[in-house]
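What follows is a set of notes on a single structure, which appears directly below.
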2 protein chains.
Amino acid sequence: MSQSSALSESGSSSETGRAAFAARLRALRKARKMTLQDVADRSGLAVSTVSKIERNLMAPTYDRFTRLANALSVDVSELFADRSNAFQAGAFEVARHGDFGFLETDNYTYEMLFPDVAGKSMVPMLGTLKPLEQMRFDAMVEHEGEEFLMVLEGRVLVQVDGRPNVILNAGDSIYFDSRRGHLYASAQDTEARILCVCTQMVRAAAPDQG
Amino acid sequence: MSQSSALSESGSSSETGRAAFAARLRALRKARKMTLQDVADRSGLAVSTVSKIERNLMAPTYDRFTRLANALSVDVSELFADRSNAFQAGAFEVARHGDFGFLETDNYTYEMLFPDVAGKSMVPMLGTLKPLEQMRFDAMVEHEGEEFLMVLEGRVLVQVDGRPNVILNAGDSIYFDSRRGHLYASAQDTEARILCVCTQMVRAAAPDQG
DNA sequence: ATGCTACTTTTCTGATCGGAAAAGGCGCCC
DNA sequence: GGGCGCCTTTTCCGATCAGAAAAGTAGCAT
């Protein structure tokens, strides 16, 4: 008893998601049309144990945990992640040229590709960059994840916080940690076109309402 | 499979890699210059518990588990995955046009971009596709992760297992689950150029060497 | 219905976990 | 050396987990 106040398992708020986990576990088993016995055999656990875990009557320890993942042949992380609106297995989507959602900021015009594919682990977008003189320079962006940029047309100036500026020509590319502040601009007086792929959604960087 | 192949758990029913897990946990804490007390506070666990877990004297249950991940502010999956050669924080690398490692297969010529950046979560590559008639069709590739493909030049035929074939023109792109077998080819009698980004390393698909 | 079979839940007991407090280190200052 | 923080490990015991076996539930024959 006692100390658990801070942890408060009972409170729905600070749940560690065990209920969801339990449900996921059962769902995974059912999806494979396996019985408790099957899972028990493949994992080396007792049937009763699997049953209790699935009904959230018991919190499995590390070992049972990994064995369960193993028995269901999923990566352990899949047992934790809520994939309810995750990338759908077997997903497949085509984006025709010009077929996308626009995202306009002070500095950029981005065309988000595949805006309808939820939970994808990469976010590809096409960008049109204004010339340097027209840019606001207080608007460096930083966000979680990694970023890949390739220049399709024109010349692009890339500023990454704490790194020397780089000029990229068409066909050049750059890969960096998005957590560093970064900023792109056309390096000439015409617009440039880029393809940019992030591993995480970029918040529609509020330009100056800071 | 994927990640921990090298770790070789061997006996499926024996060790579940807890020792490695324990070590990783301690390493993570040390890297953050946190004490057992710190982790205990942030996780709501007892100091002794954290100590025991780190020394592999105890197998934490689901709840302690997620709390620990939380306290160390890592994703739970990171506690399982061995990131010994992970992406370096603040990484930043430029690839000039023509500056890459070649990867030649029966069907494709790929140019891996940023081959030296280890542990990046996206693997971008440029590809030159031979015309359809010259392709081997028994060599569909499938691998973990997701895949993004954009056509830079030419017209490309994309076959994805269980999906209708698609012809992409320059500027078109496609996003799909790489676990479905897939195959690209130039849809005309000249070569096509593509940019392809995967979320996982593509094994140098041995075409038919058993 | 009765029985049969396949699957799941409950029960009960030993094993292990989890936490508070006590006991070790260890470096440092006086 | 003794005292003193700081961090870690050990001890001890209640709480929880884990498994074997018993009991319950459901489908499906006869």
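Numbered from 1 within each chain, the chains take letters A, B, ... in sequence-line order.
Nucleotide D/dA15 holds its P atom 19 Å from the CE atom of A/Met58, rounded to whole Å. Spacing between atom CZ of A/Phe65 and atom C1' of C/dC17 amounts to 16 Å, rounded to whole angstrom units. Going from atom CD1 of A/Ile53 over to atom P of C/dT8 covers 14 Å, rounded to whole Å. Here the P atom of nucleotide D/dC6 and the NZ atom of B/Lys33 are 18 Å apart, to the nearest Å. Atom CZ in B/Arg64 sits roughly 14 Å away from atom P in D/dA15 (whole-Å rounding). As rounded to whole Å, 14 Å separates atom P of D/dC17 from atom CG of A/Leu68. If you take CZ of B/Arg67 and P of C/dG19, they are 8 Å apart, rounded to a whole angstrom. Between B/Leu45 atom CG and C/dA21 atom C1' the separation is 17 Å, expressed in whole Å.
Annotation: side chain to side chain contact (heavy atoms under 4.5 Å, CB included) contacts of A/Ala23 (sequence neighbours excluded): none. B/Val160 meets the side chain to side chain contact (heavy atoms under 4.5 Å, CB included) test with A/Phe92, B/Val158, B/Arg163, B/Phe176, B/Arg180, B/His182; sequence neighbours excluded. A/Arg155 is linked by a salt bridge (charged side-chain N to carboxylate O under 4.0 Å, His left out) to nothing, counting only residues two or more places apart in sequence or in another chain. Legend: residues meeting side chain to side chain contact (heavy atoms under 4.5 Å, CB included) with B/Ala22, ordered by chain and number and at least two apart, are B/Asn56. Residues meeting the side chain to side chain contact (heavy atoms under 4.5 Å, CB included) test with A/Thr61, sequence neighbours left out: A/Asp63, A/Arg64, B/Ala59, B/Thr61.
Counting only residues at least two apart or on different chains, the ring-ring contact (aromatic ring centres under 6.0 Å, His included) pairs with a member in residues 18-46 of chain B are A/Tyr62-B/Phe21, B/Phe21-B/Phe65. The salt bridge (Lys or Arg N to Asp or Glu O under 4.0 Å) analysis of residues 35-46 of chain B, with sequence neighbours excluded, yields no pairs.
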Review point. Going 5' to 3' along nucleotides 22-29 of chain D, which nucleotides have protein heavy atoms under 4.0 Å from the base (write B), which only from the sugar-phosphate (write S), and which from neither (write -)?
Key: --------

Using a cutoff of under 3.5 Å, can you pull out all pairs of nitrogen or oxygen atoms linking the protein to nucleotides 8-11 of chain D, with atom names and distances?
{"residue": "D/dT8", "atom": "OP1", "partner": "B/Arg29", "partner atom": "NH1", "Å": "3.0"}
{"residue": "D/dT8", "atom": "OP2", "partner": "B/Leu36", "partner atom": "N", "Å": "2.7"}
{"residue": "D/dT9", "atom": "OP2", "partner": "B/Arg26", "partner atom": "NH2", "Å": "3.0"}
{"residue": "D/dT9", "atom": "OP2", "partner": "B/Ser51", "partner atom": "OG", "Å": "3.2"}
{"residue": "D/dT10", "atom": "OP2", "partner": "B/Arg55", "partner atom": "NH1", "Å": "2.5"}

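Across every non-hydrogen atom of B/Glu147 and B/Cys196, the tightest pair is OE2-SG, 3.2 Å.
B/Lys120 and A/Glu146 are not joined by a salt bridge, as no carboxylate oxygen comes within less than 4.0 angstrom of a charged side-chain nitrogen.
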